[in-house]
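Structure first, then comments.
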Amino acid sequence: MRLLRIIYFSLITLLLVACGTGLSPTAQPEATPSPTPEAPLLSPTAALRLPDTDLARLAGEIKIDGSSTVFPITERVAVAFGDLAPDVTIRLGVSGTGGGFTRFCAGETDISNASRPIKQKEIDACAASGITFIELPVAFDGLSVVVHPQNTWVDCLTVAELNLMWAPEATNRITRWNQIRAEWPAEPLRLYGAGVDSGTYDYFTSAIVGAEGVSRSDYTASEDDYLLAQDVAADRLGLGFFGYAYYAEYADQLRAVAIDNGQGCVAPTVETIVDGSYQPLSRPIFIYVRADSLNRPEIAAFVRFYVQNGARFAEQALYVPLPETVYQLALQRVERRITGSVFSGGSQVGLSIEQLLQLEDR
């Protein structure tokens, strides 16, 4: 595989806070790109669907930023596309869903990776800049709660117990495992989770705390799911949450906790995400494309290539592919330049793949 012209950049890749220090999860250390899970990258020799364009003749630059959750899928698209269109430079960053939308609505990027639907305030910011966008679902994710393999006491957590851990009033108060269940060890409870610029943070807080963007502040925070996986894998007393692909990649170093949403304990698996039983932490993930950027042939070809092969790229990145019908509807949205969002804005808790299909088919 030839050397690709893919440049990785980041504005807010790392947001880390020492647990128990009382510091805000928005504290920002140096921004350094992190390695991503080493799931196999798609080979350009695979039976990929290609847009009706001579890719080898394309040139130009594509700027992409946003969610670390969606990053593994988009990275694989960029690698495969770069082999087919070697004169196209792809700048790919990870600043979180919120950070990505900030840049996108300021006109700084062409595509924004997002682990939740765009919020109304972000829609308004784009409108103020004269930017219209096309919303494209690319996969389904089961946000995973994980612990260290040596944690022998936690097999399942109720939504109420997760709320007890993560609600704002837990700050500097719920600090030991036995405060969740009396029979658990009287040892420190150390928490790791997405930073406030992350769509994963927005979704998790909406589903578990009951209000988007609200949580305790005394936890180790980062927009980089890779770093969070490493943190929990190194901490016997830790608990964290991030996208399913990162759990699947590091399953030998982590253990997923089943969630009881009132219907019994259900662990995150491809099957439980597909059938809708893993709730309330299953969700669709997206890319957003500037409508005017699609006037450039290299970006139009990249987006068509992404959507036409969406199921393959999602599976390669260890996410749950959407039904082929959804990708066909997404491609129609690209071809017809159908702009705007089918959602009311922000996280959509409890949405199933079937319900997503119904929304996309409107």
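When reading the values below, keep in mind they use all heavy atoms of this one structure, side chains included, and skip hydrogens, waters and symmetry mates.
- Put simply, the side chain of Tyr250 does not reach to within 4.5 Å of the side chain of Val146, judged on heavy atoms.
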- Can you list the steps and then say if Val145 with Phe204 is a side chain to side chain contact (heavy atoms under 4.5 Å, CB included)? CA-CA 10 Å; Val145 176; Phe204 184 83; 4.3 Å; yes
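- For Leu164, the side-chain contact (heavy atoms from CB on, under 4.5 Å) partners at least two apart in sequence or on another chain are Ile174, Ile180.
- Taken from CD in Gln308 to CG in Leu50, the straight-line distance is 7.5 Å, to the nearest 0.5 Å.
- Scored by the side-chain hydrogen bond (donor to acceptor under 3.5 Å, both in side chains) test, Thr97 finds Ser115 as partners (sequence neighbours excluded).
- Annotation: Phe71 is not in aromatic contact with Tyr226 [ring centroid separation under 6.0 Å not met].
- Annotation: ring-ring contact (aromatic ring centres under 6.0 Å, His included) contacts of Phe242 (sequence neighbours excluded): none.
- Under the rule for a side-chain contact (heavy atoms from CB on, under 4.5 Å), the partners of Val159 that lie at least two apart in sequence or sit in another chain are Ile208, Ile259, Asn261, Pro280.
- Looking at Thr109, its side chain never comes within 3.5 Å of a backbone N or O of Ser112 through a donor-acceptor pair.
- By the 6.0 Å contact criterion, CD on Gln263 is open, its count of non-hydrogen atoms from other residues, nucleotides or ligands being 12 or less.
- Partner of Val320 under the side chain to side chain contact (heavy atoms under 4.5 Å, CB included) criterion, chosen from Thr272, Ile285, Thr269, Ile273: Ile273.
- Looking at Val77 and Phe302, their side chains come closer than 4.5 Å, going by heavy atoms from C-beta outward.
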- Query: Given the rule in the side chain to side chain contact (heavy atoms under 4.5 Å, CB included) test, do Arg103 and Lys63 qualify, once you have shown the distances and angles that lead to the verdict?
  - Reply: CA-CA 10 Å; Arg103 301 195 69 221; Lys63 296 178 181 178; 5.8 Å; no
- Task: Check the pair Trp177, Asn151 against side chain to side chain contact (heavy atoms under 4.5 Å, CB included), reporting the backbone distance first and the verdict last.
- Result: CA-CA 11 Å; Trp177 282 99; Asn151 180 322; 3.8 Å; yes
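- Under the 3.5 Å distance criterion, the side-chain polar atoms of Arg76 are matched with a main-chain donor or acceptor of Pro72.
- A donor-acceptor pair under 3.5 Å is formed between the side chain of Ser144 and the backbone N or O of Gly142.
- Within the model, atoms CD1 of Ile111 and CG of Leu294 stand 8.0 Å from one another, a figure rounded to the nearest 0.5 Å.
- You'll find the ring centres of Phe313 and Phe81 outside the 6.0 Å limit.
- For the side-chain contact (heavy atoms from CB on, under 4.5 Å) test, residues two or more places apart in sequence or in another chain that qualify with Ala258 are Cys156, Cys265, Ala267.
- Residues forming a side-chain hydrogen bond (donor to acceptor under 3.5 Å, both in side chains) with Arg181 (at least two apart in sequence, or on another chain): Glu161.
- With values rounded to the nearest 0.5 angstrom, Phe286 atom CZ is found 10.5 Å from Arg116 atom CZ.
- Taking the charged nitrogens against the carboxylate oxygens, Glu212 and Lys121 have no contact shorter than 4.0 Å, which rules out a salt bridge.
- Val257 is connected to Trp153 through a chain of hydrophobic side-chain contacts under 4.5 Å among Ile, Leu, Val, Met, Phe, Trp and Tyr, so both are in one cluster.
- Not a single ring-ring contact (aromatic ring centres under 6.0 Å, His included) links Phe104 to another residue, sequence neighbours left out.
- Side-chain atoms of Arg216 come within 3.5 Å of backbone N or O of Met165 as a donor-acceptor pair.
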Listing, residues 126-134 side-chain donor-acceptor contacts under 3.5 Å, not counting sequence neighbours, or none:
{"from": "Ser129", "atom 1": "OG", "to": "Cys105", "atom 2": "O", "distance (Å)": "2.8"}
{"from": "Ser129", "atom 1": "OG", "to": "Ala125", "atom 2": "O", "distance (Å)": "3.4"}

- Are Leu157 and Leu239 close enough, and set up right, to give a side chain to side chain contact (heavy atoms under 4.5 Å, CB included), and what steps lead you there? CA-CA 11 Å; Leu157 287 166; Leu239 177 143; 3.8 Å; yes
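- Applying the salt bridge (Lys or Arg N to Asp or Glu O under 4.0 Å) test to residues at least two apart or on different chains, the pairs with a partner in residues 283-296 are Asp110-Arg296, Asp141-Arg283, Arg290-Asp292, Arg296-Glu298.
- The side-chain hydrogen bond (donor to acceptor under 3.5 Å, both in side chains) check on Thr74 picks up Asn113, Tyr306, with sequence neighbours excluded.
- Rounding to the nearest 0.5 Å places CG of Asp218 at 11.0 Å from CZ of Arg173.
- Separating the CD1 atom in Ile62 from the CZ atom in Arg91 is a distance of 12.0 Å, to the nearest 0.5 Å.
- Checking side-chain atoms of Arg190 against main-chain N and O of Leu237 turns up no donor-acceptor pair under 3.5 Å.
- Ser68 places a side-chain N or O within 3.5 Å of a backbone atom of Glu223 that can act as its donor or acceptor partner.
- Residue pairs meeting the salt bridge (Lys or Arg N to Asp or Glu O under 4.0 Å) criterion with at least one partner in residues 255-280, sequence neighbours excluded, are Asp155-Arg255.
- Arg304 places none of its side-chain heavy atoms less than 4.5 Å from the side chain of Arg49.
- Trp184 contributes no side-chain N or O that, together with a main-chain N or O of Val154, makes up a donor-acceptor pair within less than 3.5 Å.
- For the pair Tyr288 (side chain) and Ala114 (backbone), a donor-acceptor distance under 3.5 Å is absent.
- Applying the side-chain contact (heavy atoms from CB on, under 4.5 Å) criterion to Glu315, with sequence neighbours excluded, gives Pro321.
- Between Asn295 and Arg337 the shortest side-chain heavy-atom distance falls below 4.5 Å.
- Judged purely by atom type and a 3.5 angstrom limit, Glu122 uses its side chain to pair as donor or acceptor with the backbone of Lys119.
- Judged by distance alone, with hydrogens and angles left aside, the side-chain atoms of Tyr327 form a donor-acceptor pair with the main-chain N or O of Leu322 at under 3.5 Å.
- Between Leu136 atom CG and Ile287 atom CD1 the span is 5.0 Å, to the nearest 0.5 Å.
- Closest approach of Ser222 to Asp224, counting heavy atoms only: OG-N, 2.9 Å.
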